[in-house]
Amino acid sequence: MNKQNTRRNTTTLPTARSAALKLLGLVLRGHLTVDSQFSSVIAGLEPRDVAFVKHLVSTTLRQLIFIDKFLDRYIKRPPPAKVEDVLRLGVAQILFLDTAPHAAVDTSVRLLKNFRRSAYTGLVNAVLRKVVADKNLAKSASDEKIITTPEWLYKGWVGSYGKDIAAEISASHLTEAPVDITVKHVSAIAGWAKKLSATVLPSGSLRIAKAGMVPDLTGFKAGEWWVQDAAAALPAKILMQHIAGFGNDCKVLDLCSAPGGKTMQLSALGVSVVSLDKSPSRLMRLKENLERTSLSASLVEADIFKWSPVTCFNAILLDAPCSATGTIRRHPDLPYLKTRNDIKQSAKLQLAMIEQAIDFLIPGGILIYSVCSLESEEGPSIGLKILEGTNLVPATIDTTALGVPSSWLDDTGALRTLPSYWAEFGGLDGFYIAAFKKPHD
Ligand SMILES: C[S@@+](CC[C@H](N)C(=O)[O-])C[C@H]1O[C@@H](n2cnc3c(N)ncnc32)[C@H](O)[C@@H]1O
């Protein structure tokens, strides 16, 4: 780290670090998401400190298991939770961030004094100094092949994908996800790739390696594109593969639609979309997104279990609420917030939603079901239950047209993406996407 950065960190970090400490505690013991608490903890901080808080807390959560293992070498009995968090943040800075070692140690000690934990300053000082001295012993969890996913979650992945792939998935969560975008006009993809210095992925999404502040990027305010992971863009593309035969009167329902990535895709392709979600605040974001991109949809604020349409739909996209474990690269707090029971509850809800959606479809209609989850209970098990327990039949997914390998299809013809896939491009979110048809009978 250069001198200028060291000076900057030393003068501004105590406040940024107190915010990071508070946020880490809110996640690990308050069981609250980073996203829900972030704006309140960073209130009053300079923009550069805001970025530091985000980076420090994300890195600490990504590497938490590794950091705790490393700390075990130096600590016999665990100190109080807040002191332990100060140590974790200190180790994250020493091993994974550019913070000058002496700044990481000094500011950690100062943090304790702020929080009236002066009795532990000696311990923290001594431990962090040892970590600085032993830095070369612990370069990174991936070098040491340490699994940095809590066991309850990791075990499920080993069961679903085998040990090697589960380890690859876990390792992929150590790196922050790149920013992917969907361009409004398909014909303009190459032009936007050039303007944004982005890579065009085989599926047609653009990937920006260093996005910085997204709203400042060219074309964002003009509504020429929106942020959407390459995997998240696939369900709407799969739906488009099935609706050509329905003609100009084709009516599509985007159930669970907010904040609207998929609604925007469908609208941009000229589809008439009814876009339903039960959350007023998320629906407001969807409205703003449509306004920014000059796209349109008919918005419905409703709970799908209390709603019935006037006429049925040719096609429905159900991007159901789920554990979101396919997005841990973007949300490293998730493994510490979710439980196996949450996954069970989500799965139950998804099945009920699909059963409800079937009634909204015309005979011959298409249902696309997607979840950004890696858990077998949510995607594949629900897919099987639908095939066994309802009259829906599988509809094909054309992987060549999507630009993805056919090996991503499972035995039932559903598409599975994993964060460890497309490693050469920087991965993609984990999704399960299945297409079904309602028979005419
Ligand atoms: C995975 S998100 C949808 C993301 C969205 N499809 C997109 O691409 O931007 C799931 C959504 O389901 C909505 N939701 C959850 N339960 C619902 C219900 N019973 N009725 C309607 N919407 C519901 C949530 O408000 C949330 O916006």
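Keep in mind that this is a model prediction, so the values were computed, not measured. Starting from 1, each residue takes its place in the sequence as its number. Start at 1 and go down the list; that is how both ligands and their atoms are numbered.
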Near Pro259 (heavy-atom distance under 4.0 Å), the atoms of ligand 1 are 9 (O)
Among Gln350, Gln228, Lys278, closest by heavy atom to atom 23 (C) of ligand 1 is Lys278
the protein heavy atom lying closest to atom 13 (C) of ligand 1 turns out to be Asp277 OD2, 3.3 Å
Within the distance-only criterion (no hydrogens, no angle test), does the side chain of Asp333 pair as donor or acceptor with the backbone N or O of Val34 below 3.5 angstrom? yes
### Task
Measure from the side-chain N and O atoms of Thr149 to the backbone N and O of Ser170, and report whether any donor-acceptor pair falls under 3.5 Å.
no
- Do any N/O atoms on Leu276 end up under 3.5 angstrom from N/O atoms on ligand 1? no
Item to check | Test item: Asp429 side-chain N/O and Asp229 main-chain N/O as donor-acceptor pair under 3.5 Å | outcome: no
The closest protein heavy-atom partner of atom 19 (N) of ligand 1 is Asp303 OD1, 3.1 Å
Based purely on interatomic distance, does Pro321 place a nitrogen or oxygen under 3.5 Å from a nitrogen or oxygen of ligand 1?
no
closest protein heavy atom to atom 16 (N) of ligand 1 is Met353 CE, 3.4 Å
Between the CG atom in Asp319 and the CG atom in Leu239, the distance rounded to the nearest 0.5 Å is 12.0 Å
### Task
Taking atom types as modelled, find out whether Gln356 and Trp307 have a side-chain donor-acceptor pair closer than 3.5 angstrom.
no
task = Determine, for Phe52 and Arg17, whether the Lys NZ or Arg CZ falls below 6.0 Å from the six-membered ring centre while staying within 45 degrees of the axis.
result = no
Counting from 1 in the order shown, the ligand 1 atoms closer than 4.0 Å to a non-hydrogen atom of Ala302 are 20 (N), 21 (C)
Within 4.0 Å of some non-hydrogen atom of Ser279, the atoms of ligand 1 are 25 (O)
*salt_bridge(Glu288, Arg292) N-O dist < 4.0 Å*: no
Practice item. Measure the acute angle between the ring planes of Trp422 and Phe425, then classify it against the limits of 30° and 60° as parallel, tilted or perpendicular. Key: perpendicular
Among non-hydrogen protein atoms, atom 4 (C) of ligand 1 lies closest to Ala258 O, 3.1 Å
Under 4.0 Å from one or more heavy atoms of Gly260, ligand 1 contributes atoms 7 (C), 9 (O)
re atom 20 (N) of ligand 1, the protein heavy-atom contact at minimum distance is Ile304 N, 3.0 Å
Of all protein heavy atoms, the one nearest atom 14 (N) of ligand 1 is Cys256 SG, 3.9 Å
For atom 7 (C) of ligand 1, the closest protein heavy atom turns out to be Ser257 O, 3.5 Å
Per-atom filter on ligand 1: closer than 4.0 angstrom to a heavy atom of Lys262 are 7 (C), 8 (O)
re atom 2 (S) of ligand 1, the protein heavy-atom contact at minimum distance is Arg282 NH2, 3.6 Å
Near Gly261 (heavy-atom distance under 4.0 Å), the atoms of ligand 1 are 7 (C), 8 (O), 9 (O)
Heavy-atom proximity to atom 1 (C) of ligand 1, picking from Val300, Leu283, Asp319, points to Asp319
query: Where the side chain of Arg282 meets the backbone of Asp277, is there a donor-acceptor pair that is under 3.5 Å apart?
result: no
- [ ] Verify whether the ring centers belonging to Trp226 and Phe220 lie closer than 6.0 Å.
- [x] no
Worksheet entry | Whether Asp254 side chain and Thr263 backbone form a donor-acceptor pair below 3.5 Å | yes
